[in-house]
2 protein chains.
Amino acid sequence: MSGKRITMKQVAERAGVSRTTVSFVLNNTPNVNISPETRERILDAARELHYARDFAATSLATGRAHTIAFIIRQPPEELSVDAFMGGLLNGVSQAVNHAGYHVLFYAMGLNASKGAYAELIRSQRVDGLLISGPLVEDSELLDLDAEGVPLVIQGTPDVGDLPSVDVDNIASARMATEHLIQLGHRRIGMITNGPLTYTSSRDRLTGYIQALEAAGLPIDEGLIQSGEFSDDSGVQAMNRLLELPHRPTAAFVASDVVALGAIRTIREHGLRIPGDISIVGFDDIPLAQYLEPGLTTVRLPRVELGLHAGKMLMDLVEGKPVPERHLRLNTSLIIRGSAALFE
Amino acid sequence: MSGKRITMKQVAERAGVSRTTVSFVLNNTPNVNISPETRERILDAARELHYARDFAATSLATGRAHTIAFIIRQPPEELSVDAFMGGLLNGVSQAVNHAGYHVLFYAMGLNASKGAYAELIRSQRVDGLLISGPLVEDSELLDLDAEGVPLVIQGTPDVGDLPSVDVDNIASARMATEHLIQLGHRRIGMITNGPLTYTSSRDRLTGYIQALEAAGLPIDEGLIQSGEFSDDSGVQAMNRLLELPHRPTAAFVASDVVALGAIRTIREHGLRIPGDISIVGFDDIPLAQYLEPGLTTVRLPRVELGLHAGKMLMDLVEGKPVPERHLRLNTSLIIRGSAALFE
DNA sequence: TTGAAAGCGCTAACAA
DNA sequence: TTGTTAGCGCTTTCAA
């Protein structure tokens, strides 16, 4: 309709009151007594004029942007392959929008320009930061946290004590391995999701080891192979496992994508799943249920992760107490057909 | 470090110049002659003070937010299942960030509050809108477009002539069907991706029909079944196809997810793919390559779709001419093992 | 119960 | 080549 901007001034004029009064009414400012009819008049005027509060002006005057940045640091290619980010973002945006905040999205990849986080904050563009991904020890974040900047990490940072949300990788991996043990397996291989420089890789390995130890089984270094996020890396790793003089009867592969490669390799060797080798994965990617047999795996609660991370950041931003600075969500084991009794 | 805001004023003081001069230097304002040493002095001061231009103030003064809204209207659950959104968002954010703009993300679902788009624009929060998803005929968008608001649709709107980016669904479906025809199939079923109220469903059906007609094959209504986005709907549809007195030797399923259900059904009937029935899908979801046999399908260029949509919106926002208001990207047929020669 | 006015940090027209 | 100044639209203290 009208091409010109509607400001509080126009609303005030139309309602025959001052700008202040309009501001009070529109903001529902407490401790101000405005006659109901004046209030009504103002509200009507605003509605009729299609008034929308100017974001920049409000932000400038209040010093709050009511916006947070969701920064994802996985390499861009991964975003297009996996549904992880979609679920996460879905949760984050639900939590954040619910609190009346907006979400700025950044796919920074691994080589973001130094100072990018700080600039977002210094320019008052956002009130807080939510960062997901394999961040190498990022001292910039430590500094910001020390300055009191609200931020939360989705993941398990390996240094400092930044607020973070993640699944309990150790317990989850233990659960997956225990499942295999309960099925009677005694010689269980492990393929990590990534290099051990990543906390999540180390933690999942730790869970595997804990399960074996608890069951009194020996830890065999040769049974532990390193994956590197891709299905190809799963092929390599499984090949090494199969070349072992005494090969395992089962394997815990700490990433479904890596497991895909492992499974392919097993088949190429003419072996059957779960007949010859049982497999338990990790992540529960959408495709896990469509494999033949379905992949038994640990479900990663993507949406919940985002929901909790978003909520935590909102609490931080609004100065509310945060119940748990290092939140670790439980996972569940989804039992399908890829792991069976060892006989 | 310092808890207080650094403004241009501080930078000016430190460099011993006026605020205007600082503004000119920092903005690289043309047609202004500033001595190199002054410029250097200012830049140094800004750097030393960790100056970051206040976003709200700039935005208020210039009337530009340098921000766009990426609004996704698919039901939230779908976001967590498919990698489509991740790829799209990846492309969008690349294009938009590259142009120096920021992306606000909104998962609005299907029941967004009336007036949400307009409010984003009226409040000057964003300079443009990028909307993805099955939007029912949304008159609000038509109004905004008429007002001159920069916006682009990712998809194929069924009314008006809003700027949009999508794949060429008709040509893609034709290509998929032709592939089957070339393999010697004469009785080819079709399962749509969704109800025919969706433009994309209609277009893919049209492509199928065009291919048959071009090959002089009859159009058999019974061979056309309706899918509804889910794999379950694929089960139903394929069941109907298999119950036909004279069942097809091949089927074009206009959605990989729906094809998943169709494939399962075929197997449950004891039939083999591609031995008894050939299948060609649409979308190339990540899992397509992992099926046994791999799913022959039409690849949907997710990232490129986002890239082009983002670029088009940037052009619109900056008042540049838009080469093609209704951009239709080509797709490619990914040949794997699910479709074979009819013998 | 309502109004006046200062100020948030920046841009840009105008002066000098 | 650099400085002055008037807004941009809103919040909020202080008065009336």
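Each chain gets a letter, A, B and so on, in the order its sequence line appears, and its residues count up from 1.
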Trainee: When we call it a touch if two heavy atoms are under 4.0 Å apart, what does T38(A) touch: a base, just sugar-phosphate, or nothing?
Mentor: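 The residue T38(A) makes sugar-phosphate contact but no base contact.
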Trainee: Please report the shortest heavy-atom distance between M314(B) and A95(B), naming the atom on each side.
Mentor: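 Heavy atoms only, the tightest pair is CG-O, 4.3 Å.
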Trainee: Check every nucleotide of DNA chain C for an atom under 4.0 Å from a heavy-atom of chain A, then give the first and the last such nucleotide from 5' to 3'.
Mentor: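 First and last nucleotides in contact are dT1(C) to dG9(C).
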Trainee: Over how many whole Å does the gap from Q124(B) atom CD to dG9(D) atom P extend?
Mentor: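 To the nearest whole Å, that distance equals 8 Å.
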Trainee: With side chain to side chain contact (heavy atoms under 4.5 Å, CB included) as the test, would you mind laying out the steps for S123(B) and R53(A) before giving the verdict?
Mentor: CA-CA 5 Å; S123(B) 64; R53(A) 179 197 272 86; 5.9 Å; no
Trainee: Any salt bridge linking D161(A) with R325(A)? Criterion: basic side-chain nitrogen under 4.0 Å from a carboxylate oxygen.
Mentor: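 Looking at D161(A) and R325(A), the cut-off is met.
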Trainee: Between the protein and nucleotides 12-14 of chain D, which nitrogen or oxygen pairs are less than 3.5 angstrom apart?
Mentor:
none

Trainee: Is R73(B) reaching over with its side chain to a backbone N or O of I131(B), donor-acceptor style, under 3.5 angstrom?
Mentor: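 Checking the backbone N and O of I131(B) against the side chain of R73(B), no donor-acceptor pair under 3.5 Å is found.
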Trainee: Are D44(A) and R41(A) close enough for a salt bridge, meaning some N to O gap below 4.0 Å?
Mentor: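 Result for this pair is no, no salt bridge flagged.
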Trainee: What's the NZ-P distance between K9(A) and dG7(D), to the nearest Å?
Mentor: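 Distance, rounded to whole Å: 10 Å.
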Trainee: Please state whether the phosphate of dC8(D), meaning OP1 or OP2, lies under 4.0 angstrom from any side-chain nitrogen or oxygen of R5(A).
Mentor: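 Looking at the OP1 and OP2 atoms of dC8(D), neither is under 4.0 Å from any side-chain N or O of R5(A).
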Trainee: Indicate yes or no: does R5(A) engage D54(A) in a salt bridge with an N to O separation below 4.0 Å.
Mentor: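 Counted as a salt bridge, because a side-chain N and a carboxylate O are separated by less than 4.0 Å.
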Trainee: Tell me what F55(B) touches on the nucleic acid: a base, only sugar-phosphate, or nothing, going by heavy atoms under 4.0 Å.
Mentor: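 Touches nothing.
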Trainee: I need the CD-C1' distance between E13(B) and dG3(D), as an integer number of Å.
Mentor: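 Spelled out: CD on E13(B) to C1' on dG3(D) is 14 Å.
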Trainee: Are L129(A) and I121(A) packed together at the side-chain level, in the sense that at least one heavy-atom pair is separated by less than 4.5 angstrom?
Mentor: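 Yes, side chains in contact.
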Trainee: dC10(D), OP1 or OP2 - any side-chain N/O from T58(A) closer than 4.0 Å?
Mentor: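 Checking T58(A) against dC10(D): no side-chain N or O falls below 4.0 Å of OP1 or OP2.
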Trainee: Rounded to the Å, how far apart are L60(B) CG and dT11(D) P?
Mentor: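 One finds 12 Å between P of dT11(D) and CG of L60(B), rounded.
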Trainee: State which residues pass ring-ring contact (aromatic ring centres under 6.0 Å, His included) with H102(A); sequence neighbours excluded, sorted by chain then number.
Mentor: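 Listed in chain order: Y106(B).
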Trainee: Find the bend of the helix from dT1(C)-dA16(D) to dA16(C)-dT1(D) as the angle between its two terminal axes (five pairs each), to the nearest 10°.
Mentor: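 Answer for the end axes of this duplex: 40°.
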Trainee: Taking side chain to side chain contact (heavy atoms under 4.5 Å, CB included) as the test, write out the residues that go with A61(B), two or more places apart.
Mentor: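 A61(B) satisfies side chain to side chain contact (heavy atoms under 4.5 Å, CB included) with no other residue.
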Trainee: What is the distance from CZ of R41(B) to C1' of dT2(D), rounded to the nearest Å?
Mentor: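 In whole Å, dT2(D) C1' lies 11 Å from R41(B) CZ.
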Trainee: Among residues two or more places apart or on two chains, list those pairs meeting ring-ring contact (aromatic ring centres under 6.0 Å, His included) that have a residue in residues 54-75 of chain B.
Mentor: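 Qualifying pairs: H66(B)-Y101(B).
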Trainee: Should F84(A) and Q74(A) count as side-chain neighbours, where that means a heavy-atom distance under 4.5 Å?
Mentor: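 A side-chain contact exists here, since the closest heavy-atom pair is under 4.5 Å.
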